[in-house]
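First up is the structure itself, then whatever we jot down about it.
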Amino acid sequence: MFHESSIREPLILGEKDYRQITEDVISPVEKKPTTFWWIAISITGTAALWGILCICYTVGVGIGTWGLNRTVGWAWDITNFVWWIGIGHAGTLISAVLLLFRSRWRMGINRSAEAMTIFAVMMAGLFPIIHMGRVWLAYWTLPLPNYLGSLWVNINSPLFWDVCAISTYFTVSLVFWYLGLIPDFGTVRDRAKIAGAKIRYRAYHILSFGWSGRVKDWIRHEEVSLVLAGLSTPLVFSVHSIVSMDFATSVVPGWHTTIFPPYFVLGALFSGFAMVLTLTIIMRKVMNLKEYITVKHIEYMNLICLLTGSLVGTAYLTELFISWYSGVEYEQYAFINRATGPYWWAYACMMTCNVISPQLFWFKKIRRSIPLAFFLSIIINIGMWFERFVIIVTSIHREYIPSMWTMFHPTFVDVGIYVGTIGIFFTLFLLFAKFFPGIAQSELKTILKISGEKYKQNGVHH
Amino acid sequence: MNFEFSKKLKTVCYILIAVGIITVIAGFMSGETVRTWSNLLIDNFLFLAIAVFGTFFVALLYLTESAWGVTMKRIPEAMSQFLWVAGVIMLLIFIGGHHYLYHWTHPELTDPASPRFDALITEKSVYLNTPFFLIRMVFILGIWIFCTHLLRKYSRRQDDQGWQGYHKKSRFTSAVFMVFFAVTCVVAAWDWLMSLEPHWYSTIFGWYVFGSLWVSGTAVAILLLVYLKRKNLLPNVNANHLHDMGKWLFALSCMWTYLWFSQFMLIWYANIPEEAAFYLPRIKHYPELFYGMLFVNFLLPFLVLMSRDSKRNTVYLVAVAILVFIGHWLDFYVLVMPATVGEYWSIGWIEAGILLGFIGGFLFVTFKSLTKASLEVKQHPFLQECVHHHV
């Protein structure tokens, strides 16, 4: 018997029954896209095209088209890579870790968060590949026999660990996401059959892998979900830990610090949740899902932003304090230069957006206000972009020899590719929102009689 | 249902405490001064961590709106009552033993005229100096004890007067505690453990010690839980609740290992002398403990608690919890000893005696406080959810 305390807020609002949930979630897939959708996809599509042109230009001419120089060999591109990977963290946390924690509120948002994860990891993966210059040789990063023309990979290199960690993460996230979609695809298929929509029926028939909805199917489905949740949980931690090791295994002051793995993971969750907030706040309005993605969902996500933002803040302060405490002058200089050097504005922006702005969520009114949550979620993502910029560029733009000192100036190609990935990301997300059920409706139905407003009011427990 | 602190159990506690006190006296008299002080620090820090875990765990349940732990809430509450004892002993250890334990307290190190002058420690003396260190210690312990006291008070009043009002107060206190705890537990780890080797530094150190604190506290909470369950004192705690505690022990063992590995691997990989100076003596002189600890704290809990059945079986659960407890005693041993006695270590009667003394003291305070409040939580908004909890 499940029992839910009366002080918990309902997670499904309004007079809902199983049929109504199906109707609300599946019908956008069946209808023609709205004007808003067409306008949005034209804008994101244009940005995506521009990015693709810039990528082609880079591949054709070389990475000399970027603002990199002899001292600053990693800048805008790696910043974007880490930023996107970070955003790709919340999806798996929501679907795996919150599943293990039995948090029921994850069910309203897990589908879109997982989609976001997959698209974000794809965007992240682009950057190291185009940074290689000769993208057609990207397969050399895999451990392949030498007769294919490649050299055996250096397993001591964190860059190789990255290839392994990210490809594993991407695969498991994709399988997890798709697994959850199968029963919902089945629903779309069955409804298409009744409606007589032949093309839709064919398409979703293939996508649903012959889902029958029998008890046996469900048992297998739930077992695999739990196994995948167990597998993904360590992956949530490993991916960003290994990304952090790209920097921390070096001996560059400002990069080599032991707190990096857990601190990067927390920062990733922070930015990931901010992006989930941005996306779900738009989605609940445009697709009219306010009764499924409620103010309480937004409040929970804001609380996670408050927690992870504050922990990231303590990590910043720890780094600052220990750099002084270490007594190593290079270490001390790296941090003084960050805060007061030529890039002080990036540092100030990072501190304000990441540490100070989430503190507003201590106020219940602010964390339950949708416009403010939306605004702050964007602020946080700006801050998290600057965090990676600060870590990467300010640590290497000063060398031991002052003659090597330089600044980094992005070119239009740097900016273009970044804007392009944002365009591709949102285009993919819009396509997802149109063609795939945006909420895990079959999963959501399991909590209807526990957390549904109608049932809570009537005091029915199941 | 109240816990009855039997005469027999009391006698056992008294004997253990006596063994501890006699060992400390004998340790000092036999000339093993540094070793005795070091052992006092190791055991006291371990039990201080276990006590503050109690407060942390209760606060965590409140803040995350968790229901599953409500019926066992009295156990972490009772564990946290040892905090003031461990706090006082911590102060006494620093006041009495600072010259033996904390190298930086020697005044000649910061005196430019002295042949033992140490430029690095002099630079750090703005932070590492006796008065400021003591102020920090009193402040940290004061806040921990104050929040512990409030949470305990609200929890007991809630039982008599209903949860309305007190639940909100408890949540507020928990939030305040968490904010302070996030900062102070890191500072405490720097001060009380990292400054044993004042030249060495690591940014992850505070979180690493926090990992040890959380996992060792969970192990002790499981042991107490099973003990009280066997006495039929916790009718509303069943295999499902044990299962959840088992999951925590499993997950936290992995988390501790993750933090251990992050620190070790990065320092090993970069191989900078200033940092490697921490690991070299440990690998050279303490290899059995240094590597053995990983079996006890990671591999065994990982393999044994992997299956669902073992997390629901008290025999396996208790066995792993005892191992993890010993493992984290070793963890602190390997943190402290190389900094104080260097390569001249051995585990003998001093180690055993002082550890037994602390076990006796901790159990005495915990059992005593268990008698003072009903073991059953009567009023809590999530009580019914917890009673009907099933995994």
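Because the structure is a prediction, the values reported are computed rather than measured. The chains referred to below are lettered A, B, ... by the order of the sequence lines, with proteins before strands, and numbering in each begins at 1.
You'll find the ring centres of B:W190 and A:F321 inside the 6.0 Å limit.
For a residue to count as touching a neighbouring chain, one of its non-hydrogen atoms must lie under 4.5 Å from one of that chain's; by this rule B:M265 touches chain A with the side chain only. Contacts of B:D244 with chain A are made by side-chain atoms alone, with heavy-atom separations under 4.5 Å and no backbone atom involved. Looking at B:L128, only its side chain comes within 4.5 Å of chain A, counting heavy atoms on both sides. Looking at B:E275, the atoms closer than 4.5 Å to chain A (heavy atoms on both sides) all sit in the side chain, from C-beta outward. Of the two parts of A:V252, neither the backbone nor the side chain holds a non-hydrogen atom closer than 4.5 Å to a non-hydrogen atom of chain B. In this structure, the portion of B:V179 lying under 4.5 Å from any heavy atom of chain A is its side chain and not its backbone. The parts of B:S195 that come within reach of chain A are both its backbone and its side chain, each placing non-hydrogen atoms under 4.5 angstrom from that chain. Contact of A:T233 with chain B is not made at all, since no heavy-atom distance falls under 4.5 Å. Contact annotation for B:A119: neither backbone nor side-chain heavy atoms come within less than 4.5 Å of a heavy atom of chain A. At a 4.5 Å heavy-atom cutoff, B:L63 makes no contact with chain A through either its backbone or its side chain.
The minimum heavy-atom distance linking B:A270 with A:H256 is given by the pair CB-CE1, 3.1 Å. Of all the heavy atoms in A:W324 and B:E123, the pair that sits closest is CZ2-O, 3.6 Å. For the pair A:Y325 and B:P198, the tightest heavy-atom approach, listed with the atom from each and the gap, is OH-O, 3.9 Å. The shortest non-hydrogen separation linking B:S262 to A:P262 is OG-CD, 4.4 Å. Nearest heavy-atom pair across A:G327 and B:L120 is CA-CD1, 3.9 Å.
A:T258 places a side-chain N or O within 3.5 Å of a backbone atom of B:I204 that can act as its donor or acceptor partner. In terms of modelled atom types and a separation under 3.5 Å, the side chain of B:Y269 and the main chain of A:N156 share a donor-acceptor contact.
Between B:H389 and A:R102 the shortest side-chain heavy-atom distance falls below 4.5 Å.
Taking CD of B:E65 as the reference point, atom CG of A:L303 lies at 8.5 Å (rounded to 0.5 Å). Note that CZ of A:F237 is 9.5 Å distant from CG of B:L259, once rounded to the nearest 0.5 Å. Summarising the geometry, atom OG belonging to A:S6 is positioned 9.0 Å from atom CZ belonging to B:F382; distances are rounded to the nearest 0.5 Å. Remark: A:T249 OG1 to B:I267 CD1 distance equals 13.0 Å, nearest 0.5 Å. Atoms OH and CD1, on B:Y208 and A:I259 in that order, are 15.0 Å from each other to the nearest 0.5 Å.
Between chain A and the options B:I272, B:T203, B:V183, B:T64, heavy-atom pairs under 4.5 Å are most frequent for B:T203.
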Applying side chain to side chain contact (heavy atoms under 4.5 Å, CB included), run through A:V328 and B:Y201 and close with a yes or a no. CA-CA 10 Å; A:V328 180; B:Y201 58 90; 3.5 Å; yes
For B:H167 and A:I7, run side chain to side chain contact (heavy atoms under 4.5 Å, CB included): C-alpha distance rounded to whole Å, both residues' side-chain angles, the deciding distance at 0.1 Å, then the answer. CA-CA 11 Å; B:H167 186 68; A:I7 69 162; 4.2 Å; yes
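Judged by distance alone, the side chains of A:S241 and B:Y258 do bring a donor and an acceptor atom under 3.5 Å apart.
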